[in-house]
Each structure stands twice: as structure tokens, then as C-alpha cells.
Amino acid sequence: MAERSTAAVDVADNSGDEPLTAQADQSTADGVAKNRERDTDNDEAQGSGGTQGPGKASPPELHSGHKLARRYRLEECVTRLDGFSSWRAVDEKLRRAVGVHILPADHARARTVLAAARSSALLGDPRFVQVLDAVEENDLVYVVHEWLPDATELTTLLAAGPLEPHDAYQMVSQLSAAMAAAHREGLSHLRLNPNAVLRTSTGQWRIRGLAVNAALRGVTSTSPQRTDTEAIGALLYAALTQRWPYENDAYGLSGLPKDLGLIPPDQVRAGVHRGLSELAMRALANDGATASRHEAPCTTPEELVKAIGEMPRIRPPEPAFTAPPEYQRTTYQQGTYGRPAPHPGVTQPVAAPPPPLQSRTGKALKWAVSALLIAALGLGSWQLADALMDQGRSDDTNQTQTTDGNDKNGDQIRPAKPISISGARDFDPFGDGSEKPSDIGKTYDGDPSSYWQTDFYLSEDFGRLKSGVGIIYDLGKVQDVGKVTVTFVGNTSVELRSAGEKATVEPTSIDAFSKVAEGSGATVELKPGKPLKTRYLLVWLTKLPLQTDDGKWRGRLADVKVTS
């Protein structure tokens, strides 16, 4: 489970009642945004199925400063409607911000909310905003969840414009894998919209309100996997075009023109990535939409993950080079120090050069200097020629000796040279396809104090869920690899695998890599048993250490160096 911070769960609906807290509904992007929570979707636009009517119970009368369980101090009301209220609060025991949903114990949906919150908490997937507590106490039911102060919701990101292709690719990849994992455990979201998707400062995408948002609003669906898949398609469509793929405006985005139908994103806006455009249409190929190029529609998150895996990987854009500023001359120049600056527009007199040596003594001095220079040049030329002749004789002798030495001792050993790594990505073929991708660069940044870490597992063998995880390193071109030195935090078992000399594109299957070396320890030198030429290397972790700081089994890779 990833490190926890805090985040609000988006549950407001602008199509419903206005908040009753004098516009205190600030903080929709988990402590970052300052606008009231925006959840303008309705059942028709969202495609999320029907909703149950709100309960008859009135919301509990709470105020800032009220404490729950003598621990959670309410700070600010985020929203209050449909008989429940949502708050930003402080966990005084752990001294951190949290979010809290509160509703009366006799509310029509109280039991459903409790069950949804507890099921979501058991999932423990770090790609979701975590439920920390779900309690029924003193005629109240409240759900405590994370609050992410460093996160920005997708609604805010899209207000500035569409996402870059690489960002959109990362978003749909991570959301699809997360929802596929949730559906395998029988959990669905049903209210997956731009307000429920967050991007952290490290670039990781997280989902808030799994199961809980729908339970609070009474949303149900007869086909939850199809509903969540279409919602992911709508999010990708919006990320590519800055338009909502339905006729109604929602989440601060304009809808599509009426009577035009659902058109592909690359027909809505110029420059849209063609592969992502087709992927969005395949995910939206429900309720009358048509997948482009006759591709089969994706109706479950698992199918969406498979379709993404078949796409060429979209690389991040190259960093823009910023030209250095022009050289600025300082005032400490020869002839200006201590002098006032000339007034603009005033012509400064030019000092006349000193007169040449015209006297008889001056002429004699010039002839003497010229003679000395000619003598010095002649002497230097003679010494240079003599040195070159001596070097030629010594080279002939050394050449004979070197040839004899090589005949007896064989080729001399070439010194090892470092090989630079041009790129890397996480590799998790037996899991959800993603393993902390945002920290990959820390493994070859030259800083051994930073590291990439895996998700946590229940045992050193990945909880018997998979045979391993790793990182694929791109050397830029096929090169001779003599040794790979890997530094871990804790003793870790590792294998070095190679894609071979003929691999021209980055492999996507573990079968495309062959093992060339293995070892175990905190610092492991992996030397292939025979000469190795390759462009792609896989550092494959096979056994994890127990990290004492959090008591979890996880691998932490701090540094990778490749030499020829």
C-alpha cells in the first residue's frame, strides 16, 4: 500500500440543492482548488444508471470544531445535501488532515454506505483514495478517508486546456488498470467523472470515492463494468478534446453539438493522437456509439487494459531547451571603473593613439626587437624538428616491442566505460501492468539516496501473486554490455535479462527477455557469462526484503549503472 496522505471524496451535485453553509464549500481538489465542489453530471450525461430517492432523515446539526470519537475535529463543510454532509477535518491523534462523510444512522442509505466504505477499505489499492475508518456511533454513521493536499482534480487540469498525449496515455492506463483490479474484487465506482480523478504532484493518477460516492448518492447499475468502462472513455475523450462527449455541458466543459452524434476526438480537435482517439471511441462504444475502424468495443476495464497494451507506448515529450541569457557586460571594464557613465546622446571624444617611434633611438630599438624575434623563431624551429626525429625513432622501436608482446600475451584488456541510460519504464506483466511508474527516473539519476519502490506484498515472493516485477532500461542503441551494478535498499534477489541484439523495439512480454546473470544482496554486480550485445535490459526482482520502516515486503531500487 502506498504512503497515505489525504483527499476528499467528491459527492456534490450542482443539479441538486445548494449547500447550506454560506458558500463554505471550498476545496474540491483536495485542499488545492478554491471553487465549490463541481459535480454537474446527471444520470443521462453520466450514463450511470438510476438513482434512489434521498432518505427522509435530515442531516445532523454539526459545526466547525465538533469532534467525532474525540479524535476527528471538523474544520470546514465541503457540501451538505441529500441528508448527508462532507467535511474537511483533522485527525488530532495522527496530526493530519482527513475527509469525513457524515449521515444519520437512520438514513435510508446508511447501511449501504457503511458496507461500501468497508469493502473499499479492504481493497487497499494505493491507486484509490483510501478509506481510513467507517463507524456507526451516537446515532451517526461517518466515513473517514484520505485528503491529498498535493493533488489536483482533472476538472481543474482541463480548465487550462486538453492534456498532452503522454499525460492522457498515462491517465487512461492507470485508471483502467485500477478499475480492472477493483472489479476483480467485486467493487465498482459508478460515478467516475473528472471530479473523482486526481493527479498528484509526482504524476500519479488516483481515483476517489470508489463504491462510496455511488452509495452516498444511491446510484446503481445493472452493468457496473460497462458503466465504469464508458466513464473512462468519457474521461479520455475530455482529456483529448476539452469537450464532454455528450450533448449536455458538464464539469465546466462544453458538450458536443446537438444532432451531430458522437464523433471521434480527432474530428473535434486538430492534432489529437490517432491511437488515443480510437481507444476513446472503443470505450464509448456503448449505448449507440460506434468504435472507429471497426475495432471491437471495450465493455470492461480488463478489455480496455488489453487494448492499451496492444498500442505503441507513447513517450513523454523531449524537454525544451532554454537558451542562456545574453552576456551582460559589467561596469567594471577597463577605463570605466570609478568614472561616471556618459550621458546618452553625447558624443565622447576618441583619444588619439600615441605617435610611433620616429627618433633614431626608436628606429634602432625596432630593428633590435625584430632581430631577436627572428632568432627565437629559428631556434624554436630547430628544436621542434629535432624532437620529431627522436620521436619517430622511438616509435619504430616501440612498435616492434608491442607486436612481440601481443603475440605472446594476446589482446590487451580494454577499460570499462560507462553506458548512459536513455530511458526506462516499469514492467509488471503478471499484475496490473503498472508498478510506481513516476519514480523510475530515480534509479539512474546518480543520487543513491533516492529510490524507486514496488507496491507492498505479504511475503518476499510477492505474496505468491506473481514471479516478479522489474524495470526495462533503454540504452539508446545496441551496445556491448560488460556489467550492470544494481544498488538496493535491503538484500534483494535480482536477475539481469536481455532482449538480445536483434530487438529493435522495446519488448512487452517477459518471454522476449532471456536471463544472462543473477545475484542477491544490497549491491549486486551482474556480469553476463558471455559477450552481450543489446539495447534493452530488464532488471527483474525475484525476492523482496522486509522493510522495517513500514513493516511491509517491498523492493527499493536506488541506483543502476551499466558499463561496457
Side-chain angles (χ1 to χ4, degrees), residues 312-313 315-316 318-319 406 409-430 433 435-454 466-545 555-564:
R313 186 176 179 86
R315 297 288 184 182
E318 294 293 333
N406 286 340
N409 302 325
D411 294 335
Q412 295 183 356
I413 299 176
R414 294 179 299 173
K417 296 182 180 179
I419 298 176
S420 61
I421 298 173
S422 63
R425 76 171 180 92
D426 55 315
F427 190 60
D428 184 17
F430 303 113
E435 194 87 4
K436 304 288 186 183
S438 60
D439 293 334
I440 296 298
K442 296 178 180 179
T443 63
Y444 59 99
D445 59 358
D447 181 8
S449 63
S450 63
Y451 55 80
W452 164 83
Q453 67 179 3
T454 68
K466 58 185 74 172
S467 60
V469 297
I471 300 177
I472 298 176
Y473 291 95
D474 183 358
L475 305 183
K477 61 181 180 180
V478 175
Q479 302 195 52
D480 293 311
V481 177
K483 180 176 68 174
V484 177
T485 304
V486 188
T487 303
F488 296 100
V489 178
N491 292 333
T492 308
S493 296
V494 62
E495 295 177 355
L496 179 64
R497 293 174 172 257
S498 165
E501 185 176 357
K502 297 182 179 180
T504 57
V505 295
E506 183 178 294
T508 59
S509 169
I510 187 66
D511 297 332
F513 292 92
S514 57
K515 183 170 69 174
V516 296
E518 62 182 339
S520 179
T523 300
V524 185
E525 291 188 352
L526 300 169
K527 296 182 179 179
K530 56 184 179 180
L532 175 63
K533 284 181 174 287
T534 188
R535 173 177 175 176
Y536 299 101
L537 292 172
L538 170 60
V539 176
W540 184 248
L541 281 61
T542 56
K543 284 188 179 180
L544 305 177
R556 289 176 176 171
L557 201 163
D559 191 54
V560 171
K561 286 186 172 60
V562 184
T563 55
S564 61

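Keep in mind that the numbers below use all heavy atoms, side chains included, and drop hydrogens, waters and symmetry copies. We number each residue from 1, following the sequence as shown.
- Note that the CG atom of L544 and the CD atom of Q453 stand 11.0 Å from one another [nearest 0.5 Å].
- In this structure, T542 contributes its side chain and G468 its backbone to no donor-acceptor pair below 3.5 Å.
- Proximity of D428 to K466: side-chain heavy atoms (C-beta onward) are separated by under 4.5 Å at one or more points.
- Nearest approach of F513 to L537, heavy atoms of both residues: CE2-C, 4.5 Å.
- Annotation: the span from R315 atom CZ to E506 atom CD amounts to 4.5 Å, rounded to 0.5 Å.
- The backbone N or O of G476 lies less than 3.5 Å from a partner atom in the side chain of S422, making a donor-acceptor pair.
- Looking at residues two or more places apart in sequence or on another chain, you find a salt bridge (charged side-chain N to carboxylate O under 4.0 Å, His left out) between K533 and D480.
- Note that OH of Y451 and CG of D445 are 13.0 Å apart. Values are rounded to the nearest 0.5 Å.
- Of the possible polar contacts, none joining the T563 side chain to the P418 backbone as a donor-acceptor pair under 3.5 Å is found.
- Contact of the T523 side chain with the T485 side chain is registered, since non-hydrogen atoms from C-beta on lie closer than 4.5 Å.
- We find the CG-CG distance between L532 and L496 to be 7.0 Å, quoted to the nearest 0.5 Å.
- For the pair E518 and W540, the minimum side-chain heavy-atom distance is 4.5 Å or more.
- Side-chain contact between P507 and Y536 is present, with heavy atoms from C-beta onward closer than 4.5 Å.
- Annotation for P437 and D426: closest pair CB-OD1, 3.5 Å, computed over non-hydrogen atoms.
- In this structure, F488 and G521 approach most closely via the heavy-atom pair CD1-O, 3.6 Å.
- What you find for G519 and V524 is that their closest heavy atoms are CA-CG1, 3.8 Å.
- Nearest approach of Q479 to L475, heavy atoms of both residues: NE2-O, 3.0 Å.
- For the residue pair G500 and T534, the shortest heavy atom distance occurs at O-OG1, 3.2 Å.
- T443 OG1 to Y473 OH: the interatomic distance, rounded to the nearest 0.5 Å, is 3.0 Å.
- Taking 4.5 Å as the limit, every side-chain heavy atom of T492 sits out of range of all side-chain heavy atoms of V486.
- Under the 4.5 Å side-chain criterion, counting only non-hydrogen atoms from C-beta, K436 is not in contact with T454.
- Note that the CD1 atom of I510 and the CZ atom of R497 stand 4.5 Å from one another [nearest 0.5 Å].
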